[in-house]
Participant: 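Take a look at this one; I'll ask things after.
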Amino acid sequence: SKNIEKNPLLKIPHLTLQDVEFFEELGEGAFGKVYKGQLTQSSGTKMFVAIKALKENASVKTQQDFKREIELISDLKHQNIVCILGVVLNKEPYCMIFEYMSNGDLHEFLISNSPSENKSLTQLELLKISMQISEGMEYLSAHHYVHRDLAARNCLVSDGLIVKISDFGLSRDIYSSDYYRVQSKSLLPVRWMPSESILYGKFTTESDIWSFGVVLWEIYSYGIQPYYGHSNQEVINLIRSRQLLPCPEICPSAVYSLMVECWHEQSVKRPTFSDISSRLRTWFDGHIKMNSLN
Ligand SMILES: CC(C)(C)c1ccc(C(=O)Nc2cc(-c3ccccc3)nn2-c2ccccc2)cc1
């Protein structure tokens, strides 16, 4: 029917606050706070959810931005993109309700599964994580969605090593050290950004591809901060002078070569997300065959 297509807000279930139970606070987003919670569905079953609740004194502009964000997200459906289950718009606080990803964000997941924690992830698991993020980004770029903040902290992990792309907004308090105010503009995740984004504020799918290369580096480095030990200002100079991140210890050379291609100075020379996905998929399937052989 016409008006459903015209108004994406009608595409997602409108819930009421009675359906939603708030538990602990998970963090801060650009629009307000993020909570863990529980949703009672019409069938009566309860499920864990992530609730992004708009701050109550939000300006009209922020409310419009919030509704715009919902419209943008409600159109995007993919197995590697976080799923919005519904919205509460009939009473404040206005909320976005997302599926809850039980293993938290990918940065935390990598840290808690790193050799320094006497854990580790197999090469196949590292590939599986990388491939899912690439396939999610392939979908977003095909829908002309530029993420602008692709990083392990903005990817979520659930059971069975399922990884989905999300976005908490820039002012997330627990990762404030990942953001830097460049020339007194907004807070920018400079360690994940190519020169053209840092210098000219140019954000495109090609700058998302650069960030994906940095996410690959985070995955194979088990979550240490890119350019750790360097200040944000030093990082800007390193990126401008083409001092690339080094090959992580356990990273296969073919994967590092892919990272370096994502960090091509000329954005048009970087691989596309479909190139990246098909190369990761080939290595992943190859691994499966190889493992089934021995
Ligand atoms: C899947 C994609 C990448 C399309 C996605 C998924 C989730 C979100 C999202 O959840 N956005 C989002 C919610 C809140 C939010 C936080 C706290 C309370 C109430 C809402 N902020 N943002 C935000 C704001 C500015 C820039 C970036 C993200 C976006 C894209």
Side-chain angles (χ1 to χ4, degrees), residues 8-9 11-12 15 17 20 22-37 49-59 61-89 91-101 104-106 132-158 162-176 178-179 185-189 192-193 197 201 203-205 207-209 211-212 215 273:
L9 272 186
K11 270 194 209 163
I12 34 182
L15 309 165
L17 284 173
V20 182
F22 284 67
F23 298 157
E24 73 268 26
E25 183 181 319
L26 293 176
E28 189 89 27
F31 293 116
K33 291 189 187 306
V34 188
Y35 301 88
K36 179 177 179 181
V49 289
I51 307 162
K52 297 186 180 180
L54 187 63
K55 48 193 176 220
E56 309 250 354
N57 57 357
S59 65
K61 168 136 180 17
T62 306
Q63 292 193 18
Q64 285 163 346
D65 290 350
F66 182 77
K67 289 202 171 112
R68 180 89 191 88
E69 190 79 1
I70 294 171
E71 285 173 13
L72 270 180
I73 304 166
S74 56
D75 272 342
L76 300 165
K77 288 253 165 298
H78 184 272
Q79 62 271 20
N80 298 116
I81 295 291
V82 73
C83 174
I84 188 164
L85 299 172
V87 288
V88 174
L89 294 176
K91 196 163 157 273
E92 295 207 82
Y94 297 155
C95 304
M96 294 180 198
I97 315 285
F98 289 90
E99 61 181 317
Y100 182 72
M101 304 291 276
D105 75 55
L106 179 61
Q132 292 179 83
I133 299 169
S134 175
E135 289 175 359
M137 284 308 300
E138 183 179 0
Y139 173 85
L140 284 184
S141 58
H143 288 75
H144 313 296
Y145 186 96
V146 177
H147 192 291
R148 305 166 74 109
D149 193 7
L150 180 61
R153 66 182 168 271
N154 271 326
C155 295
L156 297 167
V157 188
S158 73
I162 301 296
V163 181
K164 303 194 182 198
I165 298 167
S166 182
D167 192 339
F168 281 85
L170 294 179
S171 60
R172 209 166 158 201
D173 43 11
I174 31 177
Y175 287 117
S176 54
D178 287 348
Y179 297 91
K185 275 199 227 124
S186 55
L187 283 166
L188 294 174
W192 284 262
M193 288 164 58
S197 304
F203 289 91
T204 58
T205 290
S207 58
D208 278 352
I209 289 163
S211 305
F212 177 79
V215 174
F273 278 118

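The figures that follow rest on heavy atoms only: side chains count, while hydrogens, waters and symmetry mates do not. Numbering of ligands and ligand atoms starts at 1, following listing order.
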Participant: Tell me the closest heavy-atom pair linking I81 and G136, and the distance in Å.
Facilitator: CD1-O, 3.8 Å
Participant: In terms of atom number and element, which parts of ligand 1 are under 4.0 angstrom from non-hydrogen atoms of A30?
Facilitator: 24 (C), 25 (C)
Participant: Please state which part of I73 comes within less than 4.0 Å of ligand 1, counting heavy atoms only: side chain, backbone, both or neither.
Facilitator: side chain
Participant: Please state which part of C95 comes within less than 4.0 Å of ligand 1, counting heavy atoms only: side chain, backbone, both or neither.
Facilitator: neither
Participant: Provide the closest heavy-atom pair for D75 versus Y139 in the form atom of the first, atom of the second, distance.
Facilitator: O-OH, 3.8 Å
Participant: Check this for me: does any side-chain nitrogen of one of E25 and K36 sit under 4.0 Å from a carboxylate oxygen of the other?
Facilitator: no
Participant: What atoms of ligand 1 come within less than 4.0 Å of a heavy atom belonging to F66?
Facilitator: 19 (C), 20 (C)
Participant: Go through ligand 1 atom by atom and flag the ones less than 4.0 Å from a non-hydrogen atom of A53.
Facilitator: 18 (C), 19 (C)
Participant: Decide whether an N or O pair under 3.5 Å exists between K52 and ligand 1.
Facilitator: yes
Participant: Could you list the atoms of ligand 1 found under 4.0 angstrom from a heavy atom of I165?
Facilitator: 1 (C)
Participant: Please could you name the atoms of ligand 1 that L76 approaches to less than 4.0 Å, counting only its heavy atoms?
Facilitator: 4 (C)
Participant: Which residues pass the side chain to side chain donor-acceptor pair (under 3.5 Å) test with E138, not counting sequence neighbours?
Facilitator: S277
Participant: Quick check on contacts: which atoms of ligand 1 are under 4.0 angstrom from a heavy atom of G32?
Facilitator: 17 (C), 18 (C)
Participant: Relative to the heavy atoms of V82, which atoms of ligand 1 are at a distance of less than 4.0 Å?
Facilitator: 6 (C)
Participant: L106 and V157: which non-hydrogen atoms are nearest, and at how many Å?
Facilitator: CA-CG2, 3.8 Å
Participant: Between N154 and Y175, do the side chains contain a donor N or O and an acceptor N or O under 3.5 Å apart?
Facilitator: no
Participant: Counting only heavy atoms, which portion of I84 has something under 4.0 Å from ligand 1: side chain, backbone, both, or neither?
Facilitator: neither
Participant: Quick test of your reading of the structure: of L54, I51, D167, whose heavy atom lies closest to atom 8 (C) of ligand 1?
Facilitator: D167
Participant: Before giving the answer on side-chain hydrogen bond (donor to acceptor under 3.5 Å, both in side chains), spell out for Y179 and D149 the whole-Å C-alpha distance, their side-chain angles and the decisive distance to 0.1 Å.
Facilitator: CA-CA 10 Å; Y179 297 91; D149 193 7; 2.6 Å; yes
Participant: Minimum heavy-atom separation for L15 and G86, please, with both atom names.
Facilitator: CD1-CA, 3.9 Å
Participant: Does NZ or CZ of K52 lie under 6.0 Å from the centre of the six-membered ring of F168, at an angle within 45° of the ring axis?
Facilitator: yes
Participant: Of the backbone atoms (N, CA, C, O) and the side-chain heavy atoms from C-beta on, which set of H147 has a member under 4.0 Å from an atom of ligand 1: side chain, backbone, both, or neither?
Facilitator: side chain
Participant: Answer yes or no for R153 and W192: cation-pi contact, defined as NZ/CZ to six-membered ring centre under 6.0 Å and angle to ring axis within 45°.
Facilitator: yes
Participant: Which atoms of ligand 1 are found less than 4.0 Å from any heavy atom of I81?
Facilitator: 1 (C)
Participant: Just to be sure I'm reading this right: ignoring hydrogens, which of K33, E69, K55 gets closest to atom 11 (N) of ligand 1? Compare them by their nearest heavy atoms.
Facilitator: E69
